[in-house]
Undergrad: 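I have a structure I would like to understand better, so I am pasting it below and will then ask my questions one at a time.
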2 protein chains.
Amino acid sequence: MMAKSADEDQLYIGIDGGGTKCRATIYSEQHGVLGTGLGGPANPLHGLERTLESIMVSTQLAMRDAGLPLESIYQVYAGLGLAGVNLPSLYKKITEWEHPFKQMFLTTDLHTACIGAHEGGDGAVIITGTGSCGFSYVKGRSVNYGGHGFALGDKGSGAWMGLEAIKAVLMELDGLGPHTIMTSEIKEHFNVTTAMGVAEKMAGQPSSSYAKLARYVFDAAHQGDQIALAIVKDGAQYVSQLAHRLLENNPLRLSMIGGLAEPLQQWLDPAIAKLVEVPKQPPEMGAIYFAQQSVLEQDQKVAL
Amino acid sequence: MMAKSADEDQLYIGIDGGGTKCRATIYSEQHGVLGTGLGGPANPLHGLERTLESIMVSTQLAMRDAGLPLESIYQVYAGLGLAGVNLPSLYKKITEWEHPFKQMFLTTDLHTACIGAHEGGDGAVIITGTGSCGFSYVKGRSVNYGGHGFALGDKGSGAWMGLEAIKAVLMELDGLGPHTIMTSEIKEHFNVTTAMGVAEKMAGQPSSSYAKLARYVFDAAHQGDQIALAIVKDGAQYVSQLAHRLLENNPLRLSMIGGLAEPLQQWLDPAIAKLVEVPKQPPEMGAIYFAQQSVLEQDQKVAL
């Protein structure tokens, strides 16, 4: 990537915080993307200090990747998409952070994912990865459905599929439920033979550990396993419902994001599957659009 | 309760550890129950040190209640029923504890609950409280089904019912699921109005918090709420299945224990409901029978 001084044109950094990693992208209005950086976990609901640290790590790596001196970060507008900042208390805490940027604009990770997917425009997104959620942003109004976290929400997500698989496997191993080919696969995965063995491996595990098992559900469904098929269809039906609910807000586009977007596609309501469009840009670009739009609105207010 | 010296006849203490409390009962072979004591949480899966402390608190209170000097605890045989000691590593850790008793006999809380319910005899029990589990002890062979913990197992339990209720309420509040009268009840319970409000109240809560919501499910089911009825019937069907599975081991009696035993009764498979018999004694008495049987077997071995 080319080296640039921050003085020549306006620079932006877009930061997308996630449960396992934090992505940062440096963007120049004249030259486009200059560099990227990857940090550790940045979900403030799981730890604020860790989140701020991951933001700084990804920022510094992106600055270095762009060939920019670290001190020029003071010239850079930052857009941040973080989970949980729809909670006013958390939003306030993060805006009180003594950040190094020229100015910082904070919104939810759903919002930045949505503006990214639609390249700055209005639209809706369904996120199905470890968790699941639907979000739309139309004419300045944002709405979201689902989410709510593991295990009370996030239906159709990887963690939900993994949990349903484990439940079915334990039922079979207890002699209380029908046969599923997931049982032998899960037993092999954990190298255990009994229900107690499986339960011990999963006890107290976070949603990400359950999400890792989702591929067994899809594999078994493709082999015609009735239990796995029921899980996949139930999850996909929920995601289709989410989509229909989002469409009530008349978004211009609808995209799906996350590790389950592709494997779920074929199980969706065909009317929905046909509508889903490829995300144009990643969430960190969405964070850059958000910062640009926020600066613009601010300048317009000053001009009035 | 009457004061007794430990020298006059053999004394036993039965201890039943649980997730929220620990019960101890002092028993004399000549005079029956002499005193009882109540301690704090004693589930070694949630903390070994806390468990041992709760055992000692309940023991001391029982000794005082029996009017016995504390030092006579060295003359007392102890029977202990604790969760998780079917895991060899945990069993070993607790047997290595420098306990104050004459001798300590350790088994699972399921085992002591079962021998208690059948007054020392063989039989089977289904436990449906915060969690759920089936256990049978017949001719020296113990088997258990279900359990596995929240939220991967424990179907039909209070925590499971509460979780299913929260899922249904969130679906309705998101406009993704049918109406249930549980929604207004849960909103009022938490004094919130939105899905996010409900999710925030339950995020990261332990199974006991979910179990507290089970009464709303039964209330709504009694009012004919279709969603609540489906949850209660699904839970009760699982418990009936557990019972059928336990009956394959030909237990002499079958009892149900725990806070949901009574409210679930009317929803069970009628063939099972008819078979269920009232537990004769509580788990701490089961722990006493277990200690007595263990001493007897030991004496017989010595005599051979």
Side-chain angles (χ1 to χ4, degrees), chain A residues 45-46 84 86-90 133-134 143-156 159-160 162-171 173-177 194-207 209-210 213 237-246 248-249, chain B residues 45-46 84 86-90 133-134 143-156 159-160 162-171 173-177 194-207 209-210 213 237-246 248-249:
Chain A
L45 296 168
H46 300 163
N86 46 337
L87 305 174
S89 60
L90 196 56
C133 192
V143 198
N144 64 297
Y145 308 110
H148 311 312
F150 183 73
L152 48 151
D154 291 14
K155 193 166 175 178
W160 177 85
L163 178 61
E164 294 304 307
I166 291 289
K167 282 183 188 176
V169 166
L170 291 174
M171 288 288 276
L173 290 173
D174 275 337
L176 296 167
T194 61
M196 198 174 85
V198 173
E200 254 189 277
K201 292 286 181 182
M202 292 314 295
Q205 289 295 311
S207 55
S209 302
Y210 283 92
L213 307 175
Q237 198 207 341
Y238 173 79
V239 172
S240 298
Q241 267 180 285
L242 258 185
H244 282 293
R245 191 88 175 87
L246 290 168
E248 291 171 18
N249 304 308
Chain B
L45 295 169
H46 301 161
N86 46 336
L87 305 173
S89 60
L90 196 56
C133 192
V143 199
N144 64 297
Y145 309 108
H148 310 313
F150 183 73
L152 48 150
D154 290 14
K155 193 166 177 179
W160 177 86
L163 177 61
E164 293 304 307
I166 290 290
K167 282 184 188 177
V169 166
L170 291 173
M171 289 289 275
L173 290 173
D174 275 338
L176 297 167
T194 61
M196 199 175 84
V198 172
E200 255 189 276
K201 291 286 181 182
M202 293 314 295
Q205 290 295 311
S207 55
S209 302
Y210 283 93
L213 306 175
Q237 197 206 342
Y238 173 79
V239 172
S240 298
Q241 267 180 285
L242 258 185
H244 283 293
R245 191 88 175 88
L246 289 168
E248 291 171 18
N249 304 309

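To find a chain, count down the sequence lines: A is the first, B the second, and so on, and within it residues start at 1.
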Undergrad: What part of B:Phe150 gets within 4.5 angstrom of chain A, counting heavy atoms only: side chain, backbone, both, or neither?
TA: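 Contact with chain A involves no heavy atom of B:Phe150 at all.
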
Undergrad: Given that the side chain runs from C-beta out, which part of A:Leu173 has a heavy atom under 4.5 Å from chain B: side chain, backbone, both or neither?
TA: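 Nothing of A:Leu173, per the 4.5 Å heavy-atom cut-off to chain B.
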
Undergrad: Under the side chain to side chain contact (heavy atoms under 4.5 Å, CB included) test, which residues partner A:His46, sequence neighbours left out?
TA: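 By the side chain to side chain contact (heavy atoms under 4.5 Å, CB included) rule, A:His46 matches A:Asn43.
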
Undergrad: According to salt bridge (Lys or Arg N to Asp or Glu O under 4.0 Å), who are the partners of B:Glu248, at least two apart in sequence or on a separate chain?
TA: B:Arg245

Undergrad: Report the option among B:Ala203, B:Gly177, B:Gly146 that has the most heavy-atom pairs separated by less than 4.5 Å from atoms of chain A.
TA: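 The candidate making the most pairs under 4.5 Å is B:Gly146.
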
Undergrad: Can you give me the closest heavy-atom contact between A:Ala151 and B:Lys167, atom names plus distance?
TA: O-CE, 3.6 Å

Undergrad: Given heavy-atom pairs under 4.5 angstrom as the criterion, report whether the side chain, backbone, both or neither of B:Leu163 touches chain A.
TA: side chain

Undergrad: Where is the tightest heavy-atom contact between B:Met196 and A:Leu87, given as atom of each residue plus distance?
TA: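 That would be CE-CD2, 3.7 Å.
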
Undergrad: By the definition side-chain contact (heavy atoms from CB on, under 4.5 Å), identify the one residue from B:Ile166, B:Val198, B:Leu170 that meets it with A:His148.
TA: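 Checked B:Ile166, B:Val198, B:Leu170 against A:His148; only one passes side-chain contact (heavy atoms from CB on, under 4.5 Å): B:Leu170.
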
Undergrad: Might you point out which heavy atoms bring B:Tyr145 and A:Asp174 nearest each other, and give the distance in Å?
TA: CD2-O, 3.6 Å

Undergrad: Starting at CD of B:Glu164, measure out to CG of A:Leu152 and round the result to the nearest 0.5 Å.
TA: 11.0 Å

